[in-house]
Amino acid sequence: MLAAAIVQAELFGRSFDFAPMRLWVQLGFAFTAVACVPAVAWTGWKLRTRPAARREHRRAVAAFVALTIAAILTALWMFLDATPKDSAL
């Protein structure tokens, strides 16, 4: 689902011009959230045999969720200042 959302955002975003600073802030949160996915998967895998890993897993999931929410909110902030590109080719 995350990959599909990223592809959808890329296709939709090509129709707009964004303020560079807002774009970089949003991309920073988005890429950092994606970078958390391996930690969430790894700590989740460790839970199978090591229940003590639950604390690590909760932290990884909390970081992923917080960064994903930040990416969504900054995407909305980014679109507040966006200008549609000329659709005529």
Side-chain angles (χ1 to χ4, degrees):
M1 294 294 290
L2 181 59
I6 291 169
V7 170
Q8 176 81 22
E10 171 64 26
L11 294 173
F12 185 69
R14 289 182 185 182
S15 301
F16 292 89
D17 285 320
F18 301 104
M21 190 266 302
R22 289 183 183 213
L23 177 63
W24 283 107
V25 169
Q26 195 279 329
L27 289 176
F29 282 117
F31 285 135
T32 307
V34 170
C36 286
V37 171
V40 171
W42 177 251
T43 58
W45 182 263
K46 288 190 334 185
L47 275 175
R48 294 178 323 110
T49 58
R50 213 176 109 216
R54 186 164 310 281
R55 186 178 207 184
E56 286 177 69
H57 184 63
R58 283 187 180 151
R59 287 182 178 168
V61 170
F64 173 74
V65 169
L67 288 164
T68 301
I69 290 170
I72 292 167
L73 293 175
T74 55
L76 295 172
W77 173 64
M78 186 177 69
F79 272 98
L80 288 175
D81 191 43
T83 55
K85 289 184 180 178
D86 186 18
S87 61
L89 295 176

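The first residue in the sequence is number 1, and the count goes up from there. The structure presented is a predicted model; accordingly, all values stated were derived computationally and were not measured.
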Are Trp42 and Val65 linked, directly or through other ILVMFWY residues, by side chains that come within less than 4.5 angstrom of each other? no

Within residues 49-58 or reaching into it, pairs that qualify as side chain to side chain donor-acceptor pair (under 3.5 Å) - sequence neighbours excluded: Thr43-His57, Lys46-Glu56, Arg50-Glu56

Roughly how far, to the nearest 0.5 Å, is the CG atom of Asp17 from the CG atom of Leu23? 10.5 Å

Quick check against the 3.5 Å criterion: does Gln26 have a side-chain atom that pairs as donor or acceptor with the backbone of Ala71? yes

Is Val40 reachable from Val34 through a run of hydrophobic residues whose side-chain heavy atoms are each under 4.5 Å from the next? yes

For Phe16 and Lys85, what are the C-alpha separation, side-chain angles and deciding distance, and is it a side chain to side chain contact (heavy atoms under 4.5 Å, CB included)? CA-CA 5 Å; Phe16 292 89; Lys85 289 184 180 178; 5.7 Å; no

Taking all non-hydrogen atoms of both residues, which atom of Cys36 and which atom of Ala63 are closest, and how far apart? SG-CB, 4.3 Å

Show your reasoning for whether side chain to side chain contact (heavy atoms under 4.5 Å, CB included) applies to Thr83 and Phe18. CA-CA 7 Å; Thr83 55; Phe18 301 104; over 6 Å; no

Flag yes if Phe31 and Val37 sit in one hydrophobic cluster, no otherwise; membership is Ile, Leu, Val, Met, Phe, Trp, Tyr, and two members link when side-chain heavy atoms are under 4.5 Å apart. no

Atom CH2 of Trp24 with >12 non-hydrogen neighbours under 6.0 angstrom: no

For side chain to side chain contact (heavy atoms under 4.5 Å, CB included), just list the numbers for Leu27 and Thr74, CA-CA rounded to whole Å, side-chain angles, deciding distance to a tenth of an Å, and then say yes or no. CA-CA 9 Å; Leu27 289 176; Thr74 55; over 6 Å; no

Joint hydrophobic cluster, Phe64 plus Leu47, side-chain heavy atoms closer than 4.5 Å: no

With a 6.0 Å cut-off (strictly less than), is the heavy-atom count around CZ of Phe79, excluding the residue itself, greater than 12? yes

Is it possible for you to say whether Trp77 and Ile69 belong to one hydrophobic cluster, with membership spreading through side-chain heavy-atom contacts below 4.5 Å? no

